[in-house]
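The block underneath contains the structure these notes are about, expressed in structure tokens.
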Amino acid sequence: MPLRTGATYGLAVLAAVAVAAVSACSTSSSSSSTASAAASSSTSSGSNPLAPAASSGSVVVGSANFPEDELLAEIYAQALQAKGVKVSTKLNIGAREVYYPQIAKGAISIIPEYNGSLLTVSVDPSSTATTTAAVDAALTAKLPSTLEILNPSSATDSDSVTVTQATATKYHLKTIADLAPYAKDWTFGGPPEFKTRSDGLSGLKKNYGLTFKAFDPLDESGPITLAALTSGKVQAADVFTTTPQILTDHLTSLADPKFNFAAQNVIPLVYKPAATPTITSTLNAVSAKLTTAALLQMDNAVITDHANYSTVAAGFLKAEGLS
Amino acid sequence: MSFFSWAWDWVTTDAYWHGTGWQGSGSIPQQLVAHLGYSALPLLIAALIGVPAGVAIGHRGGKGAVVVINVANAWRAIPTLGLLILLAVFLGFSPLTWLLPLVVLAIPPILVNAYEGVAGVDRDVKDAAKGAGMTTWQQVIKVEVPIALPLILVGLRTAAIFVVATATIAAYIGLGGLGRFIIDGLANSQYGPVAGGALLVVILAVLVLALFAGLSWLLVPAGLRRQGRSN
């Protein structure tokens, strides 16, 4: 997922209120994942995600602690199983700061990553690469010798300039560049730091020549931003490309051909000594089929409709002929 | 640096008084005025609801009063920011979205204090008013409310401080007020505006306190003044 610096402050209060609900949700999802982990492996080693590596002959697919990454890990695990690889899963490990050292030393063998955030958070914070190719090249050059990335998928979870479908149809909008005639009359909504971030208002001006009439400081692709967009308070907003409300609220993320927002392609990060040709070819086959639209559909299924992760993952693999 | 030196450095930076210190956050005078607006309107509405309701319940008394007062106290547990976000989702960005959470916040102290004030009026005084031939209306307006005034003002003062301190949430849905500096500062990892904005909120709250102290000096008969300090 994209960098989420700062802006969780206001939601702290809500988070406290929501603790009961969230813990109920995570209990149910983790029980389903442990059930699938147990089904997929004879060497499932209890519930501690930071326990030592599973016994030899089995690869461990890990995930960060948010729904989309768990879903991707489930997809990787089931695809590998279908090719006869012995797999165990350690889902919901934590933030990148927690799982990255674990994969670097081999306690986890595979984890679904986002190339842009992986580069700027864990590998090279000073990097200015933005395109998928440049980010992947920088990663290949700078990753520790124990780690490698496989092929990127076209699925991305990045910041985007998003409008309602009605707006997109009315003004024939496909890419951010198409906003040029309208931006001067429009209000843009985004997190407060979007005003000062280099890929924020200044980036949109530099890359696409856009200057909006006004900027409304809202939240990070959360309920306030979505409400502002759907109610017409703002005409365009910064929304993450796999936010389920893009489907449920009928929104359209505009393409970003100039990579104002750094690439955030879903990409398998692999502990090299655990990789085999089967693993590499299987995960590359998954990446070849994974699109933002497919990921958005699946996110919506698990987040909005509370569908079972392993069922959703199995459905995708079957539809794409990967299982 | 301490909180106060951060806050002081920021508050005394000339640029912030002219709105040029930080792209789009507005100037200090502009946001102070906006903040007063976001505070005054909800307080006024809450007073128009809470004072008459509290006085009426206090005058009638009985079991119904116990229920209403306990509901009003439980009502205080409604999380203001949670309500704001809920309303933003369901109402969009109508003025009610920021107004309602602040009105909800301000009603309980006003209502409960008005009730306590009127309910606490000495039985003998009430009987004397009745005995003097006053109508119910006259008893309430000429006797009970003036005697309850110190507590009514305490309720308004408490509510005003709540509202001034909490009106910062307007900035959470993209509106102005002093919360703008706090929220933008947090989002940009800049401590100056966060501390400075908070300091301005505190100063404003103290001024509100002083305003109500003056109001109570002007409005409350000298013989009743001691009562207001007891709560």
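Note that this is a predicted model, so its numbers are computed, not measured. Throughout, protein chains are lettered first and strands after them, A, B, ... in sequence-line order, and every chain is numbered starting at 1.
In summary, of the residues considered (A/T225, A/I224, A/D216), a side chain to side chain contact (heavy atoms under 4.5 Å, CB included) with B/I173 occurs for A/I224 alone.
Nearest heavy atom pair, residue A/P192 against residue B/D184, reads CB-OD1, 3.3 Å. The minimum heavy-atom distance between B/A88 and A/A227, with the atom names listed, is O-CB, 3.2 Å. The two residues A/S231 and B/G92 make their nearest non-hydrogen contact at CB-CA, 4.3 Å.
Interatomic distance, B/I183 CD1 to A/E193 CD, rounded to the nearest 0.5 Å: 11.5 Å. In this structure, the separation between NZ on A/K195 and CG on B/N188 is 7.0 Å, given to the nearest 0.5 Å.
Residue-environment remark: CZ (B/R60) stays at or below the threshold of 12 foreign heavy atoms within 6.0 Å. More than 12 non-hydrogen atoms from other residues, nucleotides or ligands lie less than 6.0 angstrom from CH2 of A/W186.
The ring pair (Phe, Tyr, Trp, His ring centres under 6.0 Å) analysis of residues 52-81 of chain B, with sequence neighbours excluded, yields no pairs.
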